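Read through the structure below, which is laid out as structure tokens, and then see the notes.
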Amino acid sequence: MEFVVNEWLPEYFKSDASNHEKQKLERFLNRFLERRDKIFVRRPSEFLRKIYRYSKEHQNNIKTYVEISKFIKIVLMDSERCSFVYDNGFELSDGITNKLIGGGNTISDKYLFEAAAKTASKTIITTDIKLKTLMIREETFKIVLLDDFLAKY
């Protein structure tokens with residue numbers, strides 16, 4: 001399966017993430033690695049900025065640093081598990097763009113759709129209820145809340 005994840009993933013690595021969030025991250029990563037699924041990541045993106053920033057910021061917290069570093073090495077640096085989507089002049093439909101502008105998250109969410117457009121499933125896994133609600137009638141892309149995704153994953 002191919003999909004895009006938003007910034008919940010780097011956030012859940014942080015040392016101040018709740019135990020519940022860390023459990024969700026662990027469950028997601030274990031299944032992801034078992035199933036040999038693939039994430040698509042827009043380069044550049046807020047997702048990448050956060051994962052690398054948190055890696056740097058948590059160098060003094062060995063456990064968090066090691067976990068983030070393992071993710072970078074095992075997932076992001078493996079072309080079988082991660083595909084980078086670069087800016088190649090790709091334009092989103094007016095419908096998606098207008099919904100994003102109307103929802104107030106144009107810059108922060110646009111990269112998700114650009115990356116998801118390159119996947120077979122056109123799926124974005126998020127914890128952003130506002131984004132899910134905003135795209136409720138979207139037919140091209142599937143916006144799936146993390147809890148719903150994990151229930152079936």
Side-chain angles (χ1 to χ4, degrees), residues 1-33 35 37-58 64 67-72 74-79 81-88 90-93 95-153:
M1 176 183 234
E2 300 175 346
F3 48 80
V4 173
V5 295
N6 72 338
E7 298 99 70
W8 65 264
L9 192 142
E11 293 288 337
Y12 286 13
F13 273 116
K14 290 173 56 178
S15 57
D16 62 353
S18 72
N19 285 337
H20 189 60
E21 291 169 337
K22 289 189 177 292
Q23 289 169 350
K24 287 180 187 183
L25 175 63
E26 182 178 357
R27 181 170 175 215
F28 171 81
L29 290 174
N30 285 338
R31 290 293 292 147
F32 175 80
L33 294 172
R35 292 171 47 114
D37 288 339
K38 189 172 196 172
I39 62 169
F40 280 58
V41 179
R42 175 75 161 80
R43 180 168 257 166
S45 67
E46 189 60 24
F47 177 91
L48 287 177
R49 280 189 279 283
K50 282 187 177 184
I51 201 78
Y52 290 119
R53 186 175 82 228
Y54 296 161
S55 174
K56 216 174 189 182
E57 288 175 358
H58 288 85
T64 302
E67 289 172 354
I68 294 173
S69 296
K70 277 175 51 178
F71 174 79
I72 291 169
I74 293 171
V75 177
L76 294 183
M77 297 179 84
D78 183 348
S79 63
R81 293 188 173 132
C82 178
S83 181
F84 289 107
V85 176
Y86 296 89
D87 185 8
N88 58 356
F90 178 79
E91 290 294 324
L92 294 174
S93 73
I96 295 291
T97 302
N98 290 337
K99 285 179 186 177
L100 289 172
I101 291 169
N105 287 344
T106 308
I107 301 302
S108 65
D109 291 335
K110 184 178 177 187
Y111 83 92
L112 298 170
F113 292 89
E114 292 170 340
K118 302 295 185 181
T119 68
S121 69
K122 307 280 189 275
T123 300
I124 298 169
I125 301 165
T126 185
T127 56
D128 187 345
I129 295 169
K130 181 180 172 186
L131 179 63
K132 169 75 174 170
T133 304
L134 185 64
M135 296 294 172
I136 197 88
R137 289 185 173 72
E138 173 54 39
E139 295 178 9
T140 303
F141 295 94
K142 290 182 237 162
I143 313 301
V144 182
L145 293 175
L146 176 61
D147 289 339
D148 295 339
F149 182 78
L150 289 176
K152 298 175 186 172
Y153 196 48

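Fair warning: this is a prediction, and the values are worked out from it, not measured in the lab. Index from 1, following the sequence.
Inter-residue side-chain proximity for D128 and E7 is flagged as unmet; no heavy-atom pair is nearer than 4.5 Å. Annotation: side chain of D147 is in contact with side chain of K24 (closest heavy-atom distance under 4.5 Å). Looking at L76 and L48, their side chains come closer than 4.5 Å, going by heavy atoms from C-beta outward. Counting heavy atoms from C-beta outward, L33 and R81 have side chains that approach closer than 4.5 Å. Under the 4.5 Å side-chain criterion, counting only non-hydrogen atoms from C-beta, T126 is in contact with L145.
Electrostatic pairing of R49 and E46 counts as a salt bridge here, judged by a charged N lying under 4.0 Å from a carboxylate O. For the pair K14 and E11, the salt-bridge criterion is met [side-chain N within less than 4.0 Å of a carboxylate O]. Salt-bridge annotation for D37 and R31: absent, with no side-chain N of the basic residue lying under 4.0 Å from a carboxylate O of the acidic one.
Distance alone, capped at 3.5 Å, places no donor-acceptor pair between the K132 side chain and the T127 backbone.
Looking at every heavy atom in both residues, V41 comes nearest to C82 through CG2-SG, 3.9 Å. For V85 against E114, the heavy-atom pair with the smallest separation is CG1-O, 3.9 Å. Nearest heavy atom pair, residue A120 against residue E2, reads N-OE1, 2.8 Å. Heavy-atom minimum distance, T123 versus A116: O-CB, 4.3 Å.
Counted by atom type alone, Y12 and E26 present zero donor-acceptor pairs between their side chains at under 3.5 Å.
Here the straight-line distance linking atom CD1 of I72 with atom CG of D78 works out to 14.0 Å at 0.5 Å rounding. Taken from CZ in F84 to CZ in R42, the straight-line distance is 12.0 Å, to the nearest 0.5 Å. In this structure, OG in S69 is found 10.5 Å from CD1 in I74, a value given to the nearest 0.5 Å. With values rounded to the nearest 0.5 angstrom, K22 atom NZ is found 6.5 Å from S15 atom OG. Put simply, CG on D148 and OH on Y153 are 15.0 Å apart, with the number rounded to the nearest 0.5 Å. Atoms CD1 and NZ, on I68 and K50 in that order, are 12.0 Å from each other to the nearest 0.5 Å.
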Next on the checklist: Evaluate I96 against M135 for side-chain contact (heavy atoms from CB on, under 4.5 Å), listing each step before the verdict.
Outcome noted: CA-CA 8 Å; I96 295 291; M135 296 294 172; 4.2 Å; yes

Next on the checklist: Under the criterion ring-ring contact (aromatic ring centres under 6.0 Å, His included), I'd like the reasoning laid out for F113 against F141: C-alpha separation, chi angles, the key distance, then a yes or no.
Outcome noted: CA-CA 8 Å; F113 292 89; F141 295 94; 5.1 Å; yes

Checklist entry - Would F13 and Y54 satisfy ring-ring contact (aromatic ring centres under 6.0 Å, His included), going step by step from the backbone distance to the final call? => result CA-CA 8 Å; F13 273 116; Y54 296 161; 9.2 Å; no

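For an aromatic pair to be called close, the ring centres must be under 6.0 Å apart, and F47 with Y111 fails this.
The local environment of CD1 in I129 is sparse, with at most 12 non-hydrogen atoms from other residues, nucleotides or ligands closer than 6.0 Å. Counted within 6.0 Å of CZ on R137, heavy atoms from surrounding residues, nucleotides or ligands total 12 or fewer; the atom is thus considered open.
Put simply, the residue from V5, V4, L112, I124 that forms a side chain to side chain contact (heavy atoms under 4.5 Å, CB included) with F40 is V4.
Using the six-membered ring where Trp is involved, F28 and F32 have ring planes that are parallel, under 30° apart on the 30 and 60° scheme. Note on ring orientation: taking the six-membered ring where Trp is involved, the planes of F149 and F3 are perpendicular (angle over 60°, cut-offs 30° and 60°).
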